Amino acid sequence: MPTAYRSHTIGQVVEGGESLIGEEVTIAGYAETVRGRGAICFLMLRDGTGQIQAFLKKDNLDASLFDAIQSATRESTIRVTGNVAQKRAPKTAEGESPPPPEFEVSVTSGEVLAEASAPLPLGVTDEVNVGLDVRLDNRHLDLRRSHVNAMFQLRSKVLEYGREHLISEGFQEINTPKIIAAAAEGGTNLFPMKYFETDAYLSQSPQLYKQLAVLGGLERVFEIGPAFRAEKHDTYRHLNEFVSFDIEGAWMDDEDVMGVQERMIRHIWNEVASNDLALIDAINEYRASQGKEPVSVEVPSLPFPRIPYCEAIEIVKKGGGEIEWGDDIESHHCDIIASKYPGFHFIPRWPMSMKPFYIHHKEGEEGSDGGQLSRGFDLNFGRDEMTSGGAREHRVEVLEQNLKDMGLDPADFTFYTDGFRFGAPPHAGWGLGVARLLMVLTGAGNVREVVLFPRDRSRVTP
RNA sequence: GCCCCGAUGGUGUAGUGGCCUAUCAUGCAGCCCUGUCGAGGCUGCGACCCGGGUUCAAAUCCCGGUCGGGGCGCCA
């Protein structure tokens, strides 16, 4: 649709050039390069949909406008009006076949909308590398780089396809509070805040609230929302504010929700592979310039491998890792497992002692040393954990015992446990780190790459 | 919280006590050329994180600070 500033997007002119030849269009964008200092001038304009060359001839337009555009700095925003024409073919080396026809706009009028300061804090099209910190300090410019832009377009697609899939399985979208009164789950540090005269915290997870929604009869719910953890970690995969893709479903167990998850991930990969490979190409073009292997969207087959905790421990032991039943499976252990299962894989049936109080267990399900197993699971991709989930405890007396066993006071959780006193459906769910999934899809080596304005231990701005 | 590493023009880098009035690329400014197209050619501009110390001499060695990177822990 035309807007006040343009009749066409650049993408429309690039793709529909043939049928637009001779037609007058108005386009607007960032000046990627401005070449020519004489009687003619080439302006490469870029908007969110593509890029195109605008051709300016001094004879064809107002002299002061010609000078203004010709001397415009890179990344200035410019609007031009002119006729679409086929570009003259570039010189090609002998034997090379000429490239397909391209189009340009032969400018007759226009306007410099906003001049960019020079020099730029980071080059949008420069070949030189830029450090992540400089990029994040200037995210507004970093985002103009095509592969970065592509990553965030993919992020939107991942959320869209994920939503789409869950809705198709009967899930409803909810929103839970991010300001909470008490330590919701324990186990992690929360950011304290003042809520008027009361002490409050930023929510670490929608866990307890999405369960209450299910207990209330909403049956199947999901939420895409922020979670906050006041942990001083400093790694490529942790942030203190992250977006979590959460689901919870009544009358389901751990195996049921693993099924939801693997189908959702397959759907996302499937849709990206059929609709969005241009975005992957933009990323791969950049990766090639950095000497990196291209990423490919390989739709995973179902079911994902299930490697129960006990078996995972054995794999780690056989692989030379030092680990005992009851230990957490750490990153270097995951490397051993990942060498056998490089893609997505579930690790179900963790020891109950390692899982939160709300995870369900079945009496009699025991590990090799007799320890109680839980119905909690993780989803990993390679060495990285994507998801934590499980069947939830729906028996209020067990729930209260679990709280006590973990050193928590049931009296602090009545807002939650009261939800179980009047009939509670067995239910299950999971939380998936959106950015971690995106790291897999885009090949990003750092979670900060795929988060617009990441919040880590030392960064609260921009 | 622990371990390791780093900080040089706007950006990315070279540099291992004197060869540094500091390299290269990119950028920026100007000129030339040009229907260019990763345009090209020429000229110029621009930097050693901060504070102490060692030394005849410090970008370089030492101490402290600040900021950053990698790994671990913990987790999504």
Side-chain angles (χ1 to χ4, degrees), chain A residues 32-44 51-57 71 73-75 85-92 99 102 104 106 116-138 141-142 145 185 187-189 204-207 224-246 261 285 289-290 327-335 354-356 378-381 383-389 430-440 445-448 451 456-459:
Chain A
E32 200 158 287
T33 56
V34 186
R35 275 194 294 274
R37 290 285 185 273
I40 59 171
C41 172
F42 303 99
L43 166 68
M44 186 59 84
Q51 54 178 230
I52 196 168
Q53 175 170 287
F55 177 62
L56 290 78
K57 210 169 196 167
S71 59
T73 47
R74 295 193 308 166
E75 297 303 315
Q86 187 162 142
K87 244 166 102 171
R88 297 195 187 175
K91 291 164 201 149
T92 46
E102 288 186 70
E104 65 179 10
S106 191
S117 304
L120 301 164
L122 63 89
V124 172
T125 54
D126 295 2
E127 297 284 309
V128 294
N129 285 325
V130 192
L132 186 56
D133 213 44
V134 171
R135 292 176 49 199
L136 293 177
D137 282 339
N138 300 278
L141 274 177
D142 183 45
R145 307 202 299 162
E185 298 177 36
T188 192
N189 293 316
Q204 70 174 104
S205 153
Q207 183 59 37
I224 301 169
F228 305 89
R229 309 262 166 104
E231 297 287 346
K232 292 183 178 175
H233 32 48
D234 206 359
T235 76
Y236 67 89
R237 62 189 185 280
H238 288 97
L239 291 174
N240 296 293
E241 175 180 357
F242 64 95
V243 172
S244 171
F245 207 134
D246 270 88
Q261 180 152 72
E285 201 174 309
S289 76
Q290 301 296 302
D327 289 344
D328 196 10
I329 301 176
E330 295 167 2
S331 286
H332 55 285
H333 299 138
C334 290
D335 288 332
M354 302 175 62
K355 284 289 163 185
D378 284 358
L379 174 75
N380 283 25
F381 183 95
R383 76 190 311 256
D384 293 317
E385 185 179 337
M386 303 278 123
T387 294
S388 183
W430 42 255
L432 166 70
V434 171
R436 292 205 181 163
L437 195 61
L438 227 62
M439 286 173 76
V440 174
N446 192 313
V447 68
R448 292 162 182 78
V451 174
D456 64 29
R457 185 178 185 169
S458 55
R459 178 179 288 281

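Numbered from 1 within each chain, the chains take letters A, B, ... in sequence-line order. This structure is a prediction, so every number in the text was calculated from the model and none was measured.
- In terms of polar N and O atoms assigned as donor or acceptor, the side chain of A/Arg35 never comes within less than 3.5 Å of the base of B/C33 in a complementary pairing.
- We find that CG of A/Leu43 is positioned 13 Å from C1' of B/U36, with the value rounded to whole Å.
- Comparing B/A29, B/G1, B/A25 by their closest approach to the side chain of A/Thr73 singles out B/A29.
- Residue A/Asp335 contributes atom CG, which lies 11 Å from atom P of B/G71 at whole-angstrom precision.
- Between A/Thr235 and B/C75, a side-chain N or O to OP1/OP2 separation shorter than 4.0 Å is absent.
- A donor-acceptor pair under 3.5 Å is formed between the side chain of A/Thr73 and the backbone N or O of A/Ala116.
- The side chain of A/Arg229 lies closest to B/C75, out of B/C75, B/G35, B/G1.
- Distance check on atom C1': B/G65 versus B/A14 gives 27 Å, rounded to whole Å.
- Within 4.0 Å (heavy atoms only), A/Ser244 reaches no atom of the nucleic acid at all.
- Summarising the geometry of A/Phe245 relative to A/Trp430, their closest heavy-atom pair is O-CZ3, 3.5 Å, with the distance given to 0.1 Å.
- Where A/Phe55 and A/Asn240 meet RNA chain B, the nucleotide closest to each residue was compared, and A/Phe55 sits on the side nearer the 5' end.
- Separating the C1' atom of B/A22 from that of B/U16 is a span of 15 Å, rounded to the nearest Å.
- The base of B/G73 lies outside donor-acceptor range of the side chain of A/Glu330, with no N or O pair under 3.5 Å.
- Panel note: side chain A/Asn446, backbone A/Arg448; a donor-acceptor pair is recorded below 3.5 Å.
- The closest side-chain heavy-atom distance from A/Lys87 to A/Phe55 is not below 4.5 Å.
- Here B/C37 presents its P atom at 18 Å from CD of A/Gln86, a figure rounded to the nearest Å.
- Residue contacts for A/Asp328: at a heavy-atom cut-off of 4.0 Å it reaches the sugar-phosphate backbone alone, with no base atom in range.
- Taking the P atom of each, B/A47 and B/G40 are spaced 26 Å apart, rounded to whole Å.
- Between A/Asn129 atom CG and B/U8 atom P there is a gap of 14 Å when expressed in whole angstrom units.
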What does the 5'-to-3' dot-bracket notation of RNA chain B look like when only Watson-Crick and G-U wobble pairs under 3.5 Å count, and pairs to other strands show as |?
(((((((..(((.....[.....)))((((((.......))))))...(((((..]....))))))))))))....
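- Without hydrogens or angle criteria, A/Asp142 side chain to A/Asn138 main chain gives no donor-acceptor distance under 3.5 Å.
- Minimum atom distance to the side chain of A/Phe42 is reached by B/U36, of the listed B/U36, B/G10, B/A76.
- Counting to the nearest Å, the P atom of B/U11 and the CD atom of A/Gln290 are 17 Å from each other.
- Nearest to the side chain of A/His238, among B/U26, B/G69, B/C75, sits B/C75.
- Comparing A/Lys57 and A/Val134 by the nucleotide of RNA chain B that holds the closest heavy atom to each, the one mapping nearer the 5' end is A/Val134.
- Of the side-chain N and O atoms in A/Arg135, none sit less than 4.0 angstrom from OP1 or OP2 of B/G12.
- Across all strands shown, A/Arg383 has heavy atoms under 4.0 Å from sugar-phosphate atoms exclusively, and none from any base.
- Between A/Arg145 and A/Asp126 there is no salt bridge, since no side-chain N of the basic residue sits under 4.0 Å from a carboxylate O of the acidic one.
- The gap from the C1' atom of B/C33 to that of B/G41 amounts to 8 Å, rounded to the nearest Å.
- Nearest to the side-chain atoms of A/Asn446 among the listed nucleotides B/A76, B/G70, B/A39 stands B/G70.
- No donor-acceptor distance shorter than 3.5 angstrom exists from the side chain of A/Asp328 to the backbone of A/Glu330, with no hydrogens or angles considered.
- What separates OH of A/Tyr236 from P of B/C74 is a distance of 14 Å, to the nearest Å.
- One can find a donor-acceptor pair under 3.5 Å joining the base of B/C37 and the side-chain atoms of A/Lys87.
- Looking at A/Arg436, its side chain does come within 3.5 Å of a backbone N or O of A/Glu385 through a donor-acceptor pair.
- B/G71 and B/C61 have their P atoms separated by 25 Å, with the value rounded to a whole Å.
- Shown here for A/Ala227 and A/Gln204, the closest heavy-atom pair between the two residues is CB-O, 3.3 Å.
- The side chain of A/Lys232 sits closest to B/G1 out of B/G1, B/G35, B/A76.
- Residue A/Leu239 is in base contact, counting any heavy-atom pair closer than 4.0 Å across all strands shown.
- Enclosure of atom CD in A/Gln86 by more than 12 non-hydrogen atoms of other residues, nucleotides or ligands within 6.0 angstrom is indicated.
- Counting only heavy atoms from C-beta on, A/Glu385 has its side chain closest to B/C75 among B/G73, B/C75, B/G35.
- The nearest whole Å value for the distance from the CE atom in A/Met354 to the P atom in B/C75 is 7 Å.
- In this structure, A/Leu122 atom CG and B/G27 atom P are separated by 14 Å, rounded to whole Å.
- Residue ring and base: A/Phe242 counts as stacked with B/A76 (centre distance below 5.5 Å, interplanar angle below 30°).
- With both ends at atom C1', the span from B/G17 to B/C62 equals 13 Å, rounded to whole Å.
- When each of B/A29, B/C75, B/G27 is scored by its nearest atom to the side-chain atoms of A/Arg237, the top-ranked nucleotide is B/C75.
- Nucleotides B/G30 and B/U66 place their C1' atoms 39 Å apart, quoted to the nearest Å.
- A distance of about 31 Å separates the P atoms of B/G46 and B/C37, rounded to the whole Å.
- In the interface, the side chain of A/His332 is not paired with the base of B/C72 through any donor and acceptor atom under 3.5 Å apart.
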